[in-house]
Structures are given as C-alpha cells and as structure tokens.
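Sequential numbering from 1 along the given sequence is applied to the chain's residues.
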Amino acid sequence: MDSNTDPLVIGQTTLSSRLFVGTGKYSSDSLISEVLKRSGAQVITVALRRMDFHSQVGNVTDYIPSGVQLLPNTSGARNAEEAVRIARLAKAAGCGNWIKIEVISDNKYLLPDGYETVKATEILAREGFVALPYISPDLMVAKRLVEAGAAAVMPLGAPIGTNRGLKTRELLRILIDEIPLPVIVDAGIGRPSHACEAMEMGAAACLLNTAIASAADPGLMAEAFGKAVSAGRQAYWAGLGGRQEYAQASSPLTGFLHE
C-alpha cells in the first residue's frame, strides 16, 4: 500500500508517508536528518520562533533535507492576530504556504483556543495558505474549520508533551467519522502502539515530536513509529474483527473424541 493506492493528499501535495514529525527537544539538531531518514516522514513542523535567519552558525532548517515538506507552526501565538502575523512572517521568510495554526493562551495545559483558531484559519485560508489547525477534538470547532477552508484538522490525543496516548479516543472517533478532511492526530502520542491505534481508527496521519525526541535512541524510535503508522493504516483497510463479550472457540467443540 503506497501513495499510488492509498494517497494522503494535503492541499495539492500527495504524500506516501502518514507520519509527520517535529523538530523540538532534540539533544542536537543534527538528529533531525536521521529521524527523517529512519521514519520515512515527509512532513516536518518547526516553530518560527526557533529560526534565526541571521544566525552565522546554522539553523534548524539546515538539517531538513530538500524534498521534505516544511510545516511552520505558529507556536507562541496567543490569539488569531498573532497567529496570522507569524504565518505571514514564515511565508515571507521562504518557508512556503503550509502553516500549522497553534493558538494557545493556557499555560498550564497548553490547550488550543478553538475560537481564535477558527478566526486565524479563515484569514489564512483566504490568503492561500494550506492551513492545518491544531485543536481540541471538538466536533463543532472542526465543522467551523471545514467552513473556514482548513486543509486538515489536527486534534490532540492528550496535552502536548505528555506521552499519555489517546485520552480523547471517543472524540477523535467522532471527528474521523464526521469531518470530510484528513484528521491528523497531534500531541500526546507517546508510544508506537498509540500511533498504531490512531491509524487503526481511521486517522489520516499522526504527528510526533516528544516521544521520539525524548527516547534513549531517537533514530530507532522514529523507525518504530514509521512502522507503527504504516501497520495501523494497513489494519484499518484490512478491517478489524469485531469484539465479543464472551469466548468463542476458533474450532468446533463437538464431534471430537466421540462426543
């Protein structure tokens, strides 16, 4: 199963990998290229505030190979106005027209502001950005984002950086069932099994950062996540067997030993 038979299309771009990765928290930016290579990820997000375009000693983007889709994010924005400003700066700096919209004013749980996120999406989509908003898995907010012109929605599985897995599982399922856009599960995924489960549910992709960056061997963990996302997607298309309340024998229980 590959991009020819099971394409993931975001905007006008067709991707063969359904794993997106981040650039934060690595002990060294030099690990980024290894993570991309071993995971097979084709999309990488980077906070504009981490970029120093006047640096004389290199930048995080120096470690991102050509051909990888850059997804700048608006990390640090506390309202729609700031998110729009960051997106425009990223585009002016040559980062392309993809943008992950993050609007967060809650410093304890780092939960996104749905109202301000919709406002920013409306403006940026109208300006031609491929807008991928980060949201709590709220159906009404997701529907507003569809109307606003989002290219995908990125609901959280658990608060950012917690590695707690799919704590919002039932709400994610509702978005996957009801929203006619790719649903990319972002934040909270801590183990490859979490990513595999999200893909089995029908998520279009997963975005990983902390779980890879904080692993003892980030490259090996990135490879594990790449395989988990692929396996979960295959299981989704294969169709999972139904659950039963009571045991059901896999072979006949009668007609054996003269019974």
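Residues satisfying the salt bridge (charged side-chain N to carboxylate O under 4.0 Å, His left out) test with R78, not counting sequence neighbours, are E82. Applying the side chain to side chain donor-acceptor pair (under 3.5 Å) rule to T45 yields the partners N73; only residues at least two apart in sequence or on another chain are considered. Not counting sequence neighbours, the partners of T210 by the side chain to side chain contact (heavy atoms under 4.5 Å, CB included) test are K25, N163, S214. With sequence neighbours excluded, the residues that form a side chain to side chain donor-acceptor pair (under 3.5 Å) with R88 are E127. By the side chain to side chain donor-acceptor pair (under 3.5 Å) test, R85 pairs with no residue at all, sequence neighbours left out. For E245, there are no salt bridge (charged side-chain N to carboxylate O under 4.0 Å, His left out) partners two or more places apart in sequence or in a different chain. The salt bridge (charged side-chain N to carboxylate O under 4.0 Å, His left out) test applied to K37 returns no partner, not counting sequence neighbours. Partners of E81 according to the salt bridge (charged side-chain N to carboxylate O under 4.0 Å, His left out) rule, which considers only residues two or more places apart in sequence or in another chain, do not exist here.
Across every non-hydrogen atom of A205 and F20, the tightest pair is CB-CE1, 4.2 Å. Between A80 and E116, the shortest heavy-atom contact is N-OE1, 2.8 Å. Contact record, M221 with A211: CG-O, 3.8 Å, taken as the closest heavy-atom pair. Nearest heavy-atom pair across T74 and A87 is CG2-N, 4.3 Å. Between L8 and S17, the shortest heavy-atom contact is CD2-O, 4.2 Å. In this structure, S27 and L31 approach most closely via the heavy-atom pair OG-CD1, 3.5 Å.
Screening residues 64-74 for salt bridge (charged side-chain N to carboxylate O under 4.0 Å, His left out) gives no qualifying pairs among residues at least two apart or on separate chains. Among residue pairs with one or both ends in residues 204-226, those qualifying as salt bridge (charged side-chain N to carboxylate O under 4.0 Å, His left out) are R38-E223, E223-K227; sequence neighbours excluded.
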Under the side chain to side chain contact (heavy atoms under 4.5 Å, CB included) rule, what do C206 and R18 come out as? Steps first, then yes or no, please.
CA-CA 7 Å; C206 293; R18 291 173 179 270; over 6 Å; no
After noting the C-alpha distance and the side-chain angles of I44 and L36, does the key distance pass the side chain to side chain contact (heavy atoms under 4.5 Å, CB included) rule?
CA-CA 8 Å; I44 190 164; L36 284 165; 4.0 Å; yes
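Remark: R173 engages E170 in a salt bridge, criterion side-chain N to carboxylate O under 4.0 Å.
The CZ atom of F225 lies 8.0 Å from the CG atom of L19; values are rounded to the nearest 0.5 Å. Here the OG1 atom belonging to T121 is positioned 12.0 Å from the CD atom belonging to E147, to the nearest 0.5 angstrom. One finds the CG atom of L172 at 7.5 Å from the CG atom of L156 (value rounded to the nearest 0.5 Å). Here I32 contributes atom CD1 and I212 contributes atom CD1; the two are 11.5 Å apart, rounded to the nearest 0.5 Å.
The backbone N or O of D113 sits less than 3.5 Å from a side-chain atom of T117, completing a donor-acceptor pair. No donor-acceptor pair closer than 3.5 Å links the side chain of E102 to the backbone N or O of P112.
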Only pairs under 3.5 Å count here: list side-chain donor-acceptor contacts from residues 175-204, not counting sequence neighbours, and write none if there are none.
unit_1 : atom_1 : unit_2 : atom_2 : d
D186   : OD2    : K100   : NZ     : 2.6
H194   : ND1    : G190   : N      : 3.1
H194   : ND1    : R191   : N      : 3.1
E197   : OE2    : R169   : NE     : 2.6
E197   : OE2    : R169   : NH2    : 3.4

Hey, can you pull the donor-acceptor pairs under 3.5 Å for the side chains in residues 128-146, sequence neighbours left out?
unit_1 : atom_1 : unit_2 : atom_2 : d
D138   : OD1    : M140   : N      : 2.9
D138   : OD1    : V141   : N      : 2.9

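Counting only heavy atoms from C-beta outward, the side chains of L71 and I99 never approach each other to under 4.5 Å.
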